[in-house]
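These notes are about the structure you will find just below.
Positions are given from 1, in the same order as the sequence printed here.
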Amino acid sequence: MTFHFHIPLAFRDLLKSGGIGQYVVQEVLPVRQLDAQFDAFQSSFRTEGPLCILQHFDTLYSILHHFRSLDTAIKERVLELMVKVASRHASELPAILEDLNLSAPQRAAHLNALKMNCFILTQLVEAFEAETYKASLGNVEPSGKGKKAKSKSEGFSWEAERESILQALTHLLQLEIRRLWSMSVVEEEFVSMVTGCCYKMMENPNIVAAKNKSTREALGHLLGVTVKRYNHMLSASVKVIQLLQHFEHLPSVLVHAVSLWATEYGMKPVIGEIMREIGQKCSQDLSRESSGFKAFATFLTELAERIPAIMMPSISVLLDYLDGENYMMRNAVLTVMGEMVLRVLSGDQLEEAEKSTRDQFLDTLQEHIHDVNTYVRCCVLQIYNRVVQEKALPLTRFQSVVTLVVGRLFDKSVNVCKNAIQLLASFLANNPFTCKLSSIDLKEPLEKETKKLKEMREKYQGPKPAVVISPEEEWEAMLPEVQEAFNVVQQESKEEADDDAQDEVESSQQLREQILLLLRKTSYKNAIRLAQEGIERFQEDPLFSEGESEEESVLAILEKIFTGKEAGSEQPATTDQDDAPVKPTSDEEQPSAEVQQSDLGKQEMLVQYLSDAHHFAVKIEEAIDVISKMMYETAVSVVQEVIEFFVTVSQFGVSQALLGVRRMLPLVWSKEPGVREAVLSAYRRLYLTSNGESERVKAQALVRNLSLLMVDSSAGILQCLEEIVSEFIQKGDIHPTVIQLLWEKFTQKSPSSALERRAAIMLLGMMTKGQPEIVMSNLDTLVTVGLGEQVQEDYQLAQEVCNCILKITDSQKPSLGKSTEPFRLPKDHSLFVHLTEAVAGGIGLSGLHWLPFKETAVRLVYELGEEPEEICSEILLRCSHKVLDGHQTQDEAPTLPAYLLTHLLSLAGDVALQQVVHLERAVSSELRRRRVLKEEQEAEKVGKQRKSKANESTMEEELGLVGASADDIEAELIRKICDTELLGEQQYLSAFLPLILRICNNPGRYNDPDLCTVATLALAKFMMISSDFCDTHLRLLFTLLEKSPLPSVRSNIMIALGDLSIRFPNLIEPWTPNLYARLRDPSREVRKTAGLVMTHLILKDMVKVKGQVSEMAVLLIESDQEIAALARNFFNELSNKGNAVYNLLPDIISRLSDPDCGVEEEAFQTIMKQLLSYITKDKQTESLVEKMCHRFRTARTERQWRDLAHCLALLPFSEKGLRKMQDCFDCYGDKLSDDAVYNSFLSTVAKMRRGAKPELKALIDEFEQKLNRCHNKGLENMGVPEEPNPECDQQPPKSKRPPLTCMNSVKKGKPENEFQTPKPQASRKSRRKVAVTFSSDEESDLEAELSEAETPKNPTPIRRTCTRTRAK
């Protein structure tokens, strides 16, 4: 029976009768017969081979028909057998295909068997794929009937079987099976059936899993065979596009397959077809599904990474996407260009066409550095980063690209800035110039080599050749003048001509020379006369024997003489003379000219190299200034990139790198672990990286670099460096050789300068924080070397020695409640002996370094010494004797150098302050420690008797109560000592009070600035001791604060008052307005200090925040940027404290818009823009809108109207806020005639309209119309002149609300609306005009103090509360 198996379009088509001879499935067997029939098929296969499928196809078809209801076991058997059938058929077919005598029936049988085998296999693949996908969605195992079937299929895995099927099909298709078809053309349906099976597998998302790598390889090879051998290229390209559009997981799979086709199977045209299909896709079609764009972009990007050279001829079809809206496609095309530049168009062996293409690609990339989309800008910078790292960027483009990248540092996108920093770091790391990039170091050689190049050019090239004019051209130019001269000569008398031309000429040669000379001198008349004379006298000469007319004859003679064409051997002789020396010269100089040209070229290259390097260094230094300001960005990734950049910059020796390295130091305190670790890692790489040298050399380099870092560093920077160094010493990163070297420098065993010694002891102190043994074991060395006999030569070194020893106390301080005794040295220790000698010995010196040393020494005594008050009393006593001895040795006039009193009072003030600190900290903690230790001992005794848990808890509670009351008793004891004993008449500190008060009360007599400053500070420090003493002299201190002409005095008092506010808040609280007043001090330093002090006091809730905080708001418009930044930081921190800014805004607005003491209108707007930016909550906005609208009623001036309207325009409005504004329309409706008020409301409307919903837009339109009506009505009323009516004031027109004049006429005694803050006691102008001069003629200047009336009353808080209660 002969039939033809036609591959059906649908599975059920085989049940329908087709054409003549077409195979049709006769019967779909029931499930119960399938096992038996399949066994028969299996037996037949063993005997007949693959052709047995011709008789048993219906059985296999029936199995597929009932596939869902079959057990997994039979499915597995069918799959396994069909793979064997296909493999055996593939092994038998080669011999059959080579048989030339193969009959037509046999060929048809094998063709039918081939089609049937492939059909069954592909259908099995699709069935298993569908079942697996459905099972993955339901998270169940693919099985037919319950748990029993599931248990049978435990060994079956469809993912493992797919590869064998694909390999069997690939083996079949690699044969010359086209011979089985007539005309040797494989039908398209057969190819589509096989490839459809492959594409079906690809649609499964699990295909991208790592375990399915072999399946992906098999799919690529099978499709590659169909593309190459079965004309599937066009269909494959279309199918790839369709798959990319609908399946997001396929780009990487298809990239692998397509690159396989192009490389291993040589089907490069398929790449062009796919790219053409992508290029022809309409943006509108793809915009419906963004996944299409994303898949295409990913596909192109990954494909370019694999085969950029094959893609390059077709890149033009993608260029339209560069102008499209979708940024993903722009990124893809730009990435493709970048890969081509990297992989194809790099190197020095490029042809001109390739260089041109590369330049076009780079130009396109440069253009998109300024792309409108953030992601595109990031992508371009990343591409350039790779190009620079691979050294594929031409040197000629370095300057332009670096300039563009520096500009991107100002980008508003954080990611763009981050990528720009990375790219600049790559430029540095891969720069072709030099390993040390410093514009200062490069400038000098550049100028030197440029000057040398200029000299070489002048030397080798010589003067510029003049323009050579031939004698013939010159004769033609002068011929008209010669003719005119000839006519003049003809008209003149012959006698004159004879007289003029009389010259004795002996020969025609002399005549020629004279004529030539006259022609060159433009003496044409005389030359013509000589020519006429030659015609008369030398007719035998051929030159003068012309037979023409006289004019022509004379002109011809002159022309021949001038151009050198006359007969004779003169011109050749001249030519010979000119040429004779030239020939040998040219022969000799030819090689030297080549050498000169070579030297000149080398010098030009050197200058160009230095110029490029200098420009690159300048751009990097510009970038450093910008990047260093990004060090404290909120984005952690940006900060990490900035730190990494400065590490790179430092390694290349850029001069400004140290600036960034210092700026990153405070980041060691960052709360972000990533930032802190980045800083530690950066310093580890910069200073601890080993270079394979000896430990000694590395130690010297580390000490030198850290010392340079400390030069001119502030105390804050040094503290940050101390944290880093202590971290390194704790982790063992610093070798002991470094510590040994530092001790050698300090003790001068290793030659070192005074500055190096100070740096060494500072570094030792930093290391002591992490390892106290460094100083503890060498304390005697520190004392004898740093505080020995030569201490007066270098008090700075002595101060650093004291600081180093103080680090012991920082590490030895016991925690609260511990029973460990504090570490202290006996008072007769050599340390205190040397300190006493050093302090007492330097009080008579006028140097400036003794003061800070003395302060550190006093602190060291109180921190480490037993009975420190006795040690300090001895120091004070010795210093006082020295000062008095100096006074007694003077003449009868009782005078002293001011610096002696300055030193003595400064020492007394330091001792007083440290005494308070000692009592409050050390003594208090020691009392607590002893008490806790005693309680623990008693608790142990009691605990033996009480062992129950209840009794233990009761005991702990009792002990806790005892401890709390004991703390109060101890604190009261300390306060009593301070108030009654420290400044008592029997105490040594009291001896200095009369002198301090005398100097402070008589600033006119004691007018030395340093003495006044120190005396004021000493007074403030003494006031820290006793509340009674503080209360008594507080008026004097505030008098000096307000009226002292010295900014240093005012600044120091402001700082002292900050400390006093914390120690005695009730005493300072009534003087708060005086503290705020210093924010408008004429001195910049005082304003800055006042801003810092008030910031700390307000944020720590030590000062009540009232309307006077508007003085802080005024600092926002300060011309000094440092003070303005301080004010911004204050309000930023204040905004984090709940509703603090919201609560203060009404008072601030009232004060700043007050016509008497407010600010200018433009300044007001700047301030409010900053303050209102903190209002973000809807409820706060609504409340402020209502308050401001009601404030229009009490506003007295048009300026206040405009200010309120401007504040409303700055608020973030919501629908509720708009309704609130409409409800209060009567409050401000009559103010809309003012253009500024009206425009502010319009801007509010425009801001609300953006993104508003339709129902809200209707409300906004209604409100805007209402605004327009009121504005126009107000303008009309303003245009009508009003007649004066005296009764208007007495009889206001009837209306729903009182007239504006009535609302604004508030009596002085009547309080205004709560929104209006009361006026301060003095306006700004009056404060600034206060100027008090102190007289030096009076014995006492106590009159300069504030009067009793000016002194704030100081009732206790309880008293004030009772007063307010009674007033109510």
Side-chain angles (χ1 to χ4, degrees), residues 1-9 11 13-29 34 37-65 78-125 165 167-194 197 222 225-226 229-230:
M1 179 181 179
T2 303
F3 62 86
H4 297 283
F5 182 81
H6 291 270
I7 296 172
L9 296 176
F11 181 74
D13 290 350
L14 287 175
L15 298 175
K16 303 174 185 178
S17 177
I20 300 173
Q22 183 175 343
Y23 182 82
V24 178
V25 175
Q26 301 298 322
E27 180 186 4
V28 177
L29 301 176
L34 291 180
Q37 293 296 326
F38 181 74
D39 292 338
F41 169 64
Q42 197 170 7
S43 301
S44 178
F45 170 68
R46 285 195 289 269
T47 57
E48 300 180 16
L51 293 181
C52 68
I53 196 172
L54 298 175
Q55 289 80 29
H56 297 275
F57 181 80
D58 289 1
T59 301
L60 299 174
Y61 185 88
S62 300
I63 291 173
L64 290 171
H65 186 273
V78 171
L79 181 64
E80 183 180 357
L81 183 60
M82 289 308 303
V83 171
K84 291 181 179 179
V85 170
S87 301
R88 185 169 176 181
H89 200 190
S91 61
E92 294 178 358
L93 272 177
I96 296 170
L97 295 174
E98 294 295 331
D99 188 4
L100 300 178
N101 300 321
L102 186 66
S103 63
Q106 289 177 325
R107 186 175 71 248
H110 281 285
L111 178 59
N112 288 332
L114 175 66
K115 290 181 180 180
M116 288 179 175
N117 285 333
C118 292
F119 176 79
I120 296 299
L121 274 177
T122 55
Q123 290 298 317
L124 282 173
V125 168
I165 298 173
Q167 290 175 350
L169 290 173
T170 304
H171 194 190
L172 276 172
L173 295 183
Q174 285 176 337
L175 303 174
E176 293 294 331
I177 58 174
R178 65 168 61 92
R179 297 178 183 177
L180 297 176
W181 276 269
S182 61
M183 306 296 293
S184 296
V185 177
V186 179
E187 58 186 288
E188 188 176 348
E189 290 81 359
F190 177 79
V191 178
S192 300
M193 176 185 68
V194 177
C197 154
L222 177 54
V225 172
T226 61
R229 301 171 65 93
Y230 299 100

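Between the Q26 side chain and the V24 main chain, a donor and an acceptor come within less than 3.5 Å of each other. Between the side chain of S62 and the backbone N or O of D58, at least one donor-acceptor pair lies under 3.5 Å.
Listed here is the closest heavy atom pair of T59 and L34: O-CD2, 4.2 Å. R88 approaches R46 most closely through the heavy-atom pair NH1-O, 4.4 Å. Residues E48 and Q55 approach most closely at OE1-OE1, 3.7 Å, considering heavy atoms. The shortest non-hydrogen separation linking L51 to A109 is CD2-O, 3.8 Å. Taking each heavy atom of A86 and A168 in turn, the nearest pair found is CB-CB, 4.2 Å.
The OG atom of S43 sits 10.0 Å away from atom CZ of F38, with the distance rounded to the nearest 0.5 Å. Taking CG of L9 as the start and CD of E189 as the end, the distance is 7.0 Å to the nearest 0.5 Å. Residue Q167 holds its CD atom at 9.0 Å from OG of S87, rounded to the nearest 0.5 Å. For the atom pair K115 NZ and M193 CE, the distance stands at 9.0 Å (nearest 0.5 Å). In this structure, OG1 on T170 lies 4.0 Å from CG on L222, to the nearest 0.5 angstrom. With rounding to the nearest 0.5 angstrom, the CD atom of E80 is 12.5 Å from the CG atom of L124.
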**Report entry** From CA spacing to verdict: side-chain contact (heavy atoms from CB on, under 4.5 Å), N112, F57
**Finding:** CA-CA 11 Å; N112 288 332; F57 181 80; over 6 Å; no
Query - Evaluation steps, side-chain contact (heavy atoms from CB on, under 4.5 Å), between R107 and R179 - result: CA-CA 9 Å; R107 186 175 71 248; R179 297 178 183 177; over 6 Å; no
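Within the 4.5 Å cutoff, the side chain of L60 has no heavy atoms near those of the M116 side chain. For the pair L180/L93, a side-chain contact is recorded, criterion being any heavy-atom separation below 4.5 Å from C-beta on. Residues F41 and L81 are in side-chain contact: their nearest non-hydrogen atoms beyond the backbone lie under 4.5 Å apart. Looking at heavy atoms from C-beta onward, L79 lies in side-chain contact with I165 at the 4.5 angstrom threshold. Residues L173 and F190 meet the side-chain proximity criterion, which asks for heavy atoms closer than 4.5 Å.
Relative orientation of the F119 and F5 rings is perpendicular, given thresholds of 30° and 60° on the angle between their planes.
Test I177, L175, I53 against L114 for side chain to side chain contact (heavy atoms under 4.5 Å, CB included) and you get one pass: I177.
In this structure, Q123 has no side chain to side chain donor-acceptor pair (under 3.5 Å) partners at least two apart in sequence or on a different chain.
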